[in-house]
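Quick note on labels: first sequence line is chain A, next is B, and so on, each numbered from 1. If you're wondering where the values come from, they're calculated on a predicted model, not measured in any experiment.
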Protein chains: 2
Amino acid sequence: MSKLTLKSVAKTLGVSTATISNAFNRPDQLSVALREKILSACAELGYFGPNKAAQSLRTGSSGIVAVILSDSLEYMVSDPVASQFLQGVTRELERHKLHLLLFSGSSANLDAISDFVDGFICYGAPRNLALIKQLAQSPKRVLTVDFDLPGRPSVNIDNEQAAYQSAKAVINKDDTVAILGLRLIDASDTRPVLDAPLWDNQSSIAHRRLDGYQRAMAEYDLILRPDYLWHIPESNQQFAQYAARSVLALNPRPTVLLCMSDLIALSAMREALQLGIAIPEQLKVVGFDGIDETLRYHPTLSSVWQFSDVKGEAAVRAFLSADNSPQLLPYQLKLGESS
Amino acid sequence: MSKLTLKSVAKTLGVSTATISNAFNRPDQLSVALREKILSACAELGYFGPNKAAQSLRTGSSGIVAVILSDSLEYMVSDPVASQFLQGVTRELERHKLHLLLFSGSSANLDAISDFVDGFICYGAPRNLALIKQLAQSPKRVLTVDFDLPGRPSVNIDNEQAAYQSAKAVINKDDTVAILGLRLIDASDTRPVLDAPLWDNQSSIAHRRLDGYQRAMAEYDLILRPDYLWHIPESNQQFAQYAARSVLALNPRPTVLLCMSDLIALSAMREALQLGIAIPEQLKVVGFDGIDETLRYHPTLSSVWQFSDVKGEAAVRAFLSADNSPQLLPYQLKLGESS
DNA sequence: CTGTTAGCGCATTCAG
DNA sequence: CTGAATGCGCTAACAG
């Protein structure tokens, strides 16, 4: 059994290549009966349709959309927020019969896959900044999520306003506030920001959130002391636990913890409870993202819910649409027992 | 600025297309000086190399390897074992300058991507069994991990023997044994197996492990009562917690818990401790997989370590090699405080 | 070292 | 509905 190509199949079925092609791609170009006959004959032969690589070369589109994660696959895969986003993406992609190519934001060559995909959905600024330049130059469609690229459509929430509201909801005028921030500076370990230069000031959601927190604090004339602002490189338990422990050891001890992710907030609460600190009496905590685990935890967490699966669906729709205007998605502040 | 193709670039640089092609693909076919000149000129023009889709059509290989997960991408989220495997895969793939296309085992059309990839690494039997048939028919290379496909190379550990040894290490002659199994039957909820038909008897690692457990039990003339064998659909905390609670409520209460994943074992230990059951005095627990979290937990867990990142690397090497013989990887039984 | 040529497998036109 | 023709962008072989 030699290679099954459109041409070879056409010959064995005794019809023209165009007819086979039409049977698969343009049902309106031939009678239902013939189409049925051809399709079943192909299935019989083991021919599953035109070669996608050739099709892609010919038509210029492959039906594959690349999602560029901000970091490595392993990291993303362990982050409930990212995976919820991916869930929405795959769901919406499926509706359009499109496929997903996951790509790591820490890889070097975007062009290794660039010719195979119809475009890019970029979830967070890629860790490897060289990718940003390549994306900027790409002739294909690029949609950014949680950050912006000049001239490209984007999907975001209003991080500054959301952070502001969440902070306003927990802070009182006599509070001591500490912030557990995510990816604020260019360091791969957990540490106080102090005077380290803030990273990538413009587009980072972390800085927009920080702005929001500080706006709320300013309204109470509270100032954020440098050692009360911590940088956490990744939203995971180990990093967060260390940061929480450090911050809770400060004197005076913070009475409010503003956390840039729910995972961080949960770790911080665990740590606080273990130290015998009462929540919310002695310490109020607010998170960001909205993950289900916070509802099962006791005390339940006050947080900004951003419905990442909906965001994923919206991202795909924005990617597919011709509209290039930036899109702001709704979020919701949900108060729990932690404030 | 029109399209940058190999031909157009060749014309503007005043050399032949073959020379451009060689500059990118076969450095030995032209002088270093010329190559340098061409490469920098291309960079200048914004031409990043030959179109990969065309290259793939022409050469028949794309440099992309598909990894088919047993289930959806989200499933992987909660599974540190799978992500450790992927970590090894990406690492080894990178060494060979290959790229990864993650694909869900619950999707329908394998052929949507089949023409774009050089082959498939299949991590666990795909949930959608139709994919298995398609894989069996594929002319491309297929490597299976943690299960077998007739005539295809595979990477496994000896699950039966590993389970046997782990059980032998904890069981004494007067013990009451319960088993928390993973994907034993075709049910999406946690429940005792009872007389439900075992699923996919041949190839499933779960059944190989069950065989091993039972061989160990047989050596002590212990019989496994039907309601002491539980099915858990996915290795996550919620399911495991429920199963553990149910099993610990049985009368007589088990004194040994054989768990088919570390995540399950950890959940079970948490549940037991919460019930005031002393480990290992009143209950001995053994897990499977070997994840770092078990080392941080107290009591530390006895388990079969299978080094999933190494397994990922081995999978890629086996995929790339011409050798089609099945490969058995080493594992290691590590005893902790839980037995 | 270079230029030419023939496809890789297909979609699309166009005349019949 | 068919059959032939063209080219998507490229590589490999060959003759120079």
Side-chain angles (χ1 to χ4, degrees), chain A residues 2-39 41-42 45-64 111-118 139-140, chain B residues 2-39 41-42 45-64 111-118 139-140:
Chain A
S2 65
K3 293 199 171 58
L4 255 23
T5 71
L6 184 50
K7 202 196 286 181
S8 77
V9 167
K11 200 186 303 179
T12 61
L13 294 193
V15 298
S16 95
T17 59
T19 305
I20 306 279
S21 174
N22 286 332
F24 281 98
N25 304 321
R26 311 199 321 196
D28 53 307
Q29 298 292 304
L30 70 176
S31 71
V32 180
L34 180 55
R35 182 174 133 90
E36 285 299 313
K37 206 185 77 182
I38 287 177
L39 256 34
C42 284
L45 284 173
Y47 179 73
F48 296 116
N51 181 295
K52 306 287 177 186
Q55 212 167 22
S56 150
L57 181 61
R58 179 63 234 253
T59 64
S61 94
S62 66
I64 300 182
D111 42 68
I113 58 150
S114 157
D115 295 325
F116 294 110
V117 303
D118 294 343
K140 313 220 168 185
Chain B
S2 65
K3 293 201 170 57
L4 255 23
T5 70
L6 193 142
K7 202 196 283 181
S8 77
V9 167
K11 200 187 300 177
T12 61
L13 293 193
V15 298
S16 91
T17 59
T19 304
I20 306 279
S21 174
N22 286 332
F24 280 98
N25 304 320
R26 312 198 325 197
D28 52 308
Q29 299 291 304
L30 71 177
S31 71
V32 181
L34 180 56
R35 183 174 133 90
E36 285 299 313
K37 205 184 77 182
I38 288 178
L39 256 35
C42 285
L45 285 172
Y47 179 74
F48 296 116
N51 180 296
K52 306 288 178 184
Q55 212 166 25
S56 150
L57 181 60
R58 182 62 235 248
T59 64
S61 95
S62 65
I64 299 182
D111 42 68
I113 56 149
S114 158
D115 295 324
F116 294 109
V117 303
D118 294 342
K140 312 219 168 187

Nucleotide N/O to protein N/O under 3.5 Å, stretch nucleotides 3-7 of chain D:
unit_1, atom_1, unit_2, atom_2, d
dG7(D), N2, Arg58(A), NE, 3.4
dG7(D), N2, Arg58(A), NH1, 3.1

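Between the side chain of Lys7(A) and the backbone N or O of Thr17(A), no donor-acceptor pair lies under 3.5 Å. At distances below 3.5 Å, at least one donor-acceptor pair connects side-chain atoms of Asp118(A) with backbone N or O atoms of Gly63(A).
Distance, Asp115(A) CG to dC8(C) C1': 16 Å, rounded to whole Å. Going from atom CZ of Phe24(B) over to atom P of dG9(D) covers 16 Å, rounded to whole Å. Atom CG in Leu4(A) sits about 14 Å away from atom C1' in dC10(C), given to the nearest Å. Look at CG on Leu13(B): it is 15 Å from C1' on dG3(C), rounded to the nearest Å. In this structure, Lys11(A) atom NZ and dG9(C) atom C1' are separated by 14 Å, rounded to whole Å. Leu6(B) has its CG atom 13 Å from the C1' atom of dA12(D), to the nearest Å. Rounded to an integer number of Å, the gap from Asn22(B) CG to dC10(D) P is 14 Å. The CD1-C1' distance, from Ile20(B) to dC10(D), rounds to 13 Å in whole Å.
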Can you give each donor-acceptor pair under 3.5 Å made by side-chain atoms of residues 46-57 of chain A, sequence neighbours left out, with the distance rounded to 0.1 Å?
unit_1, atom_1, unit_2, atom_2, d
Tyr47(A), OH, Gly49(A), O, 3.3
Asn51(A), OD1, Ala53(A), N, 2.8
Asn51(A), OD1, Ala54(A), N, 2.9
Gln55(A), NE2, Asn25(A), OD1, 3.3

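Taking each heavy atom of Cys42(A) and Val9(A) in turn, the nearest pair found is SG-CG1, 3.8 Å. Annotation for Ile38(A) and Ala23(A): closest pair CG2-CB, 3.9 Å, computed over non-hydrogen atoms.
Within 6.0 Å of atom NZ in Lys37(B), 12 or fewer heavy atoms from other residues, nucleotides or ligands are found, so the atom counts as exposed in its surroundings.
Listed by residue number, Leu57(B) are the residues of residues 47-57 of chain B with a heavy-atom contact under 4.0 Å to DNA chain C.
With contacts defined as side-chain heavy-atom distances shorter than 4.5 Å, the pair Phe116(B)/Ile64(B) does not qualify. Annotation: side chain of Phe24(B) is in contact with side chain of Leu39(B) (closest heavy-atom distance under 4.5 Å). With contacts defined as side-chain heavy-atom distances shorter than 4.5 Å, the pair Val15(A)/Ile20(A) qualifies.
Among the nucleotides dC10(C), dT2(C), dA12(D), the one closest to any side-chain atom of Thr5(A) is dC10(C).
Residue-level contact check: Asn25(A) touches the backbone only, with heavy atoms under 4.0 Å from sugar-phosphate atoms and none from bases. Backbone-only contact: Arg26(B) has heavy atoms under 4.0 Å from sugar-phosphate atoms and none from a base.
Residue Thr19(B) places at least one side-chain N or O closer than 4.0 Å to OP1 or OP2 of dT2(C).
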